[in-house]
Amino acid sequence: MMGSIATFLQNLNLYSLASLAISVLSALFCITWHEVSHGLAALALGDPTAKNQGRLTLNPIKHLDPLGLLMMIVAKVGWAKPVPINARYFKHPKRDIAITALAGPVSNFVLAYLAMLGASAVYHFWLVRTGGIVSQYVLIFLVEIAVLSTGLGIFNLIPVSPLDGSKVLYALLPDKVYYTILRYERWGMILMVAIVLLGVLDSPLSWLIYHFLQLLCRGSGFPWQLLLYLM
C-alpha cells in the first residue's frame, strides 16, 4: 500500500497538477455559466425561482453535481444541478420552459467562441511574441473552456430528461403526450448515466464537437492543429 502511494507521488509533477487544476476550474466555470444562463432566462420570462433560491450566482458550489463534474473532466461531457423553475410564472409554460432550457446550451456555445477568441489573441499576441510558462497555461485554460463548453452545450441538447434537449422536445409534443412523458421523467437520470458510461453516443458526440470546434477555429483565427494538440 505504502509502495503504491510512493509511486503515485513520484509520478506527480507540476504539469500534471496544473493540468488537473485547469480541467477542474474550466469545468466549474462552464457549469456555472450554463446554469446562471438558465436562471437569467427564466427570470426574464417572469420566473424568479432561481433568483429567490440563490442560483443566480457565480459560486460554482451552488450549481455543482459531483457526478456531472466528474463526467466533464473524464469524458468532456457532463451536467450540473438543474436550476429550479416554476412554470406557473410563465405566460406560455411549454414555450417558456423550452426557451429557458435552450438558454443553457446556447450560452455555452457563446462562451466557447469567446474563449477561442481569447485563446487566439493569447497565441498571436502573447505566446508567439514573448513565450513563457504563464502564457502557455492561460492558453491551455482558454482552450479547455472552449472544448468543455462545446461538449456541455452539445451533450445537453440530447433529448433525454433531465437534459435541456428533453425540455425542447417536450414543448413540441401534444399536451397529452407531454404530460405522459413527465410521469417517467425521473428515470431519465439513470438512462443519461448509462449513455455516458456505455459510450452509446461517443461517436456522434465526438463528431459534432470536432466539427463545431473547427468552426470556432475558423471564426477566431486559432490554429486548428494546435487545438488538436492541446486536446
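Below, all heavy atoms of this structure are taken into account, side chains as well, without hydrogens, waters or symmetry copies.
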| request: Scan residues 40-49 for pairs that pass side chain to side chain donor-acceptor pair (under 3.5 Å), counting only residues two or more places apart or in two chains. | output: Asp47-Thr49

| task | Write out all pairs satisfying ring pair (Phe, Tyr, Trp, His ring centres under 6.0 Å) with one or both partners inside residues 36-73, taking only residues at least two apart or from two chains. | result | His34-His38

Run the side-chain contact (heavy atoms from CB on, under 4.5 Å) test against [X] and tell me which residues pass, sequence neighbours left out.
X	value
Ile140	Ile22, Tyr137, Leu230
Leu157	Leu102, Pro105, Phe109
Pro93	Ala87
Ala50	Arg55, Leu56, Val83

| field | Worked check of side-chain contact (heavy atoms from CB on, under 4.5 Å) between Val24 and Phe29 | value | CA-CA 9 Å; Val24 172; Phe29 186 80; over 6 Å; no

| field | Inter-residue atom distance Leu45.CG - Ile85.CD1, 0.5 Å rounding | value | 9.5 Å

| message | Just verifying a value: how many Å separate Cys217 SG and Leu227 CG, rounded to the nearest 0.5 Å? | response |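 Nearest 0.5 Å value for the SG-CG distance: 4.5 Å.
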
| field | Pairing residues for Asn86 by the side-chain hydrogen bond (donor to acceptor under 3.5 Å, both in side chains) criterion, not counting sequence neighbours | value | Arg88

| field | Contacts of Ser23 that satisfy side-chain hydrogen bond (donor to acceptor under 3.5 Å, both in side chains) - sequence neighbours left out | value | Glu144

| said: Counting only heavy atoms not in Lys62 (residues, nucleotides, ligands), do more than 12 fall under 6.0 Å from its NZ? | reply: no

| Are Ile31 and Asp65 close enough, and set up right, to give a side-chain contact (heavy atoms from CB on, under 4.5 Å), and what steps lead you there? | CA-CA 9 Å; Ile31 285 171; Asp65 180 297; over 6 Å; no

| request: Decide yes or no on ring-ring contact (aromatic ring centres under 6.0 Å, His included) for Trp224 and Tyr229, but give the supporting numbers first. | output: CA-CA 9 Å; Trp224 170 241; Tyr229 174 77; over 10 Å; no

| remark: For Lys51, the salt bridge (charged side-chain N to carboxylate O under 4.0 Å, His left out) test, sequence neighbours excluded, returns none

| query | If Ile, Leu, Val, Met, Phe, Trp and Tyr residues are connected whenever their side-chain heavy atoms lie under 4.5 Å apart, and connections chain through other members, are Leu142 and Leu215 in the same group? | reply |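 No, Leu142 does not connect to Leu215 through the hydrophobic network.
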
| Mind checking what makes ring pair (Phe, Tyr, Trp, His ring centres under 6.0 Å) contact with Tyr89, not counting sequence neighbours? |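 Partners of Tyr89 by the ring pair (Phe, Tyr, Trp, His ring centres under 6.0 Å) criterion come out as none, since no residue qualifies.
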
| query | ring pair (Phe, Tyr, Trp, His ring centres under 6.0 Å) with Trp207: which residues, sequence neighbours excluded? | reply |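 So Trp207 forms a ring pair (Phe, Tyr, Trp, His ring centres under 6.0 Å) with His211.
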
| said: Closer than 3.5 angstrom, by distance alone: can the side chain of Ser135 be matched with the main-chain N or O of Gly132 as a donor-acceptor pair? | reply: yes

| So, does Ser149 use its side chain to make a donor-acceptor pair with the main chain of Asn108 at under 3.5 Å? |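 Yes, the answer is positive, given that a donor and an acceptor are paired below the 3.5 Å cut-off.
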
Using atom types as modelled, flag every donor-acceptor pair under 3.5 Å from a side chain in residues 113-123 to any protein atom, sequence neighbours excluded.
residue: Tyr113; atom: OH; partner: Gly219; partner atom: O; Å: 3.1
residue: Ser120; atom: OG; partner: Ser220; partner atom: O; Å: 2.8

